[in-house]
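First up is the structure itself, then whatever we jot down about it.
No hydrogens, no waters, no symmetry mates; every other heavy atom, side chains included, goes into these values.
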Amino acid sequence: MSFELELSRGWIDAELAAEFPDLALYQVSIEARSGRSPAVVKHRLREMSNRFTGPKAVQVRQQAVPWAYRVFFRQIGIDPDDRRTPVEAAALERMRAGAFQSTNLLDDALLIATVETGVPVLAFDRDRVQGELGLRLALPGEQAGHSLRGGEIVAADETRPLAVLFGLCDPDCGVTPATERMLLSAVQVKGVPDVSVEEALWTVTETLGAGA
């Protein structure tokens with residue numbers, strides 16, 4: 001890595017920490033904007049598409065980091081064959097579309113990080129997040145872009161839930177064309193090494209820097 005990120009570890013609700021002692025959330029605040037991806041990022045997606053052929057897409061779930069997330073999905077009551085882990089969903093979309101498609105700089109950066117490390121990353125508008133991020137269980141009727149039934153694991157700030165774990169973030173705190181500061185976050189589960197989480201956050205940051 002050519003630069004160091006100032007990562008911080010988010011809080012974990014006591015109930016979750018007791019049930020999943022290896023669960024962790026890492027975050028980093030950066031100054032960055034989205035927008036159209038530059039040619040260098042689109043080229044990186046094309047190269048990644050060429051490397052990520054059919055056999056590799058089929059085998060991705062057997063790799064250590066994607067497998068760890070599959071195991072965790074089952075532990076929290078999600079069938080990973082029904083609702084795919086982020087890296088498996090990306091692999092299936094690559095096979096369906098024939099290549100990894102460029103959408104915008106931020107989404108391309110998140111895609112690259114997920115495929116290359118197996119670790120999913122979420123991005124929030126830092127100025128719309130109150131304090132530090134953490135993980136807790138949702139209360140019935142809370143909102144995170146939609147009404148929550150209660151009991152879901154959510155990424156939350158000090159005032160409200162911002163996203164269901166491994167889902168989309170509430171648009172009210174998401175990155176927009178006006179965003180100038182982002183808060184990147186990645187969830188670590190049992191079996192995922194620290195270096196993979198760090199690499200995922202670093203990859204997003206580096207890729208966003210390509211558009212500066």
Side-chain angles (χ1 to χ4, degrees), residues 1 3-32 34 65-66 68-73 75-78 85-87 106-107 109-110 113-114 116-139 142-146 148 150-176 179-208:
M1 297 184 185
F3 57 90
E4 295 292 332
L5 293 179
E6 295 184 3
L7 301 183
S8 63
R9 190 161 177 163
W11 51 268
I12 306 293
D13 179 77
E15 184 177 354
L16 277 178
E19 186 172 0
F20 305 107
D22 297 300
L23 183 63
L25 181 144
Y26 289 89
Q27 58 196 322
V28 61
S29 295
I30 62 171
E31 293 187 5
S34 188
V65 171
Y69 286 106
R70 284 182 63 85
V71 170
F72 185 75
F73 266 41
Q75 289 175 333
I76 61 176
I78 300 173
T85 63
V87 68
L106 174 60
D107 287 339
L110 298 176
T114 298
E116 292 191 346
T117 69
V119 177
V121 179
L122 272 180
F124 303 95
D125 186 318
R126 187 65 186 91
D127 295 327
R128 299 185 181 190
V129 177
Q130 302 298 314
E132 295 298 306
L133 283 182
L135 298 176
R136 64 170 174 83
L137 298 178
L139 300 175
E142 284 191 304
Q143 300 290 317
H146 62 280
L148 302 175
E152 303 97 327
I153 301 176
V154 293
D157 66 7
E158 297 173 358
T159 63
R160 60 182 175 136
L162 305 181
V164 175
L165 191 64
F166 304 120
L168 297 176
C169 71
D170 185 337
D172 187 53
C173 59
V175 172
T176 71
T179 298
E180 296 182 351
R181 295 197 307 152
M182 299 184 193
L183 180 64
L184 307 177
S185 67
V187 172
Q188 181 182 34
V189 301
K190 184 177 181 179
V192 177
D194 292 349
V195 66
S196 295
V197 178
E198 294 167 4
E199 183 181 356
L201 292 168
W202 180 84
T203 298
V204 175
T205 303
E206 179 200 36
T207 306
L208 288 170

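Looking only at side-chain heavy atoms (C-beta outward), Val119 and Glu199 stay at 4.5 Å or farther from each other. Taking 4.5 Å as the limit, some side-chain heavy atom of Pro161 sits within range of a side-chain heavy atom of Arg136. Looking only at side-chain heavy atoms (C-beta outward), Cys169 and Leu162 stay at 4.5 Å or farther from each other. A heavy-atom distance below 4.5 Å is found between the side chains of Arg160 and Cys173. In this structure, the side chains of Val65 and Thr117 stay at 4.5 Å or more apart for every pair of heavy atoms.
In this structure, CG in Leu25 is found 8.5 Å from OG in Ser8, a value given to the nearest 0.5 Å. The CD atom of Glu206 lies 10.0 Å from the CG atom of Leu5; values are rounded to the nearest 0.5 Å. For the atom pair CG (Asp107) and OG1 (Thr114), the distance works out to 10.5 Å, reported to the nearest 0.5 Å. Put simply, OG on Ser29 and CG on Leu7 are 10.5 Å apart, with the number rounded to the nearest 0.5 Å. Distance CG/Leu184 to OG1/Thr203: 11.0 Å, rounded to 0.5 Å. Between atom OG1 of residue Thr159 and atom CD of residue Gln130 there is a gap of 5.5 Å, rounded to the nearest 0.5 Å.
Classification of the Phe20-Phe72 ring pair by plane angle, with boundaries at 30° and 60°, yields perpendicular.
In this structure a side-chain-to-backbone donor-acceptor pair under 3.5 Å is missing from Arg70 to Phe73. Of the possible polar contacts, one joining the Arg128 side chain to the Asp172 backbone as a donor-acceptor pair under 3.5 Å is found.
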> Given the rule in the side-chain contact (heavy atoms from CB on, under 4.5 Å) test, do Leu208 and Leu106 qualify, once you have shown the distances and angles that lead to the verdict?
Replying inline: CA-CA 7 Å; Leu208 288 170; Leu106 174 60; 4.2 Å; yes
> How far apart are the C-alpha atoms of Leu110 and Val204, what are their side-chain angles, what is the distance that settles it, and do they pass the side-chain contact (heavy atoms from CB on, under 4.5 Å) test?
Replying inline: CA-CA 6 Å; Leu110 298 176; Val204 175; 4.0 Å; yes
>> Checking Asp127 against Glu180 for the side-chain contact (heavy atoms from CB on, under 4.5 Å) test, could you report, in this order, the C-alpha distance in whole Å, the side-chain angles of both residues, the deciding distance, and whether it holds?
In response: CA-CA 9 Å; Asp127 295 327; Glu180 296 182 351; 5.7 Å; no
>> Go through it in stages, so that I can follow the logic: the residues are Leu23 and Val189, the test is side-chain contact (heavy atoms from CB on, under 4.5 Å), and I'd like the CA-CA distance, side-chain angles, deciding distance and then a yes or no.
In response: CA-CA 5 Å; Leu23 183 63; Val189 301; 4.1 Å; yes
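For Met182 against Thr179, the heavy-atom pair with the smallest separation is CG-CG2, 4.1 Å. For the pair Gly151 and Leu137, the tightest heavy-atom approach, listed with the atom from each and the gap, is O-CD2, 3.5 Å. Contact detail for Leu133 and Val129: the closest heavy-atom pair is CD2-CG1, 4.1 Å. Of all heavy-atom pairs between Ala113 and Ala200, the closest is CB-O, 3.5 Å. For the residue pair Gly118 and Tyr69, the shortest heavy atom distance occurs at O-CE1, 3.5 Å. The minimum heavy-atom distance linking Gln188 with Asp194 is given by the pair NE2-OD1, 2.7 Å.
Annotation: Glu31, atom CD; neighbour count of heavy atoms from other residues, nucleotides and ligands within 6.0 Å does not exceed 12.
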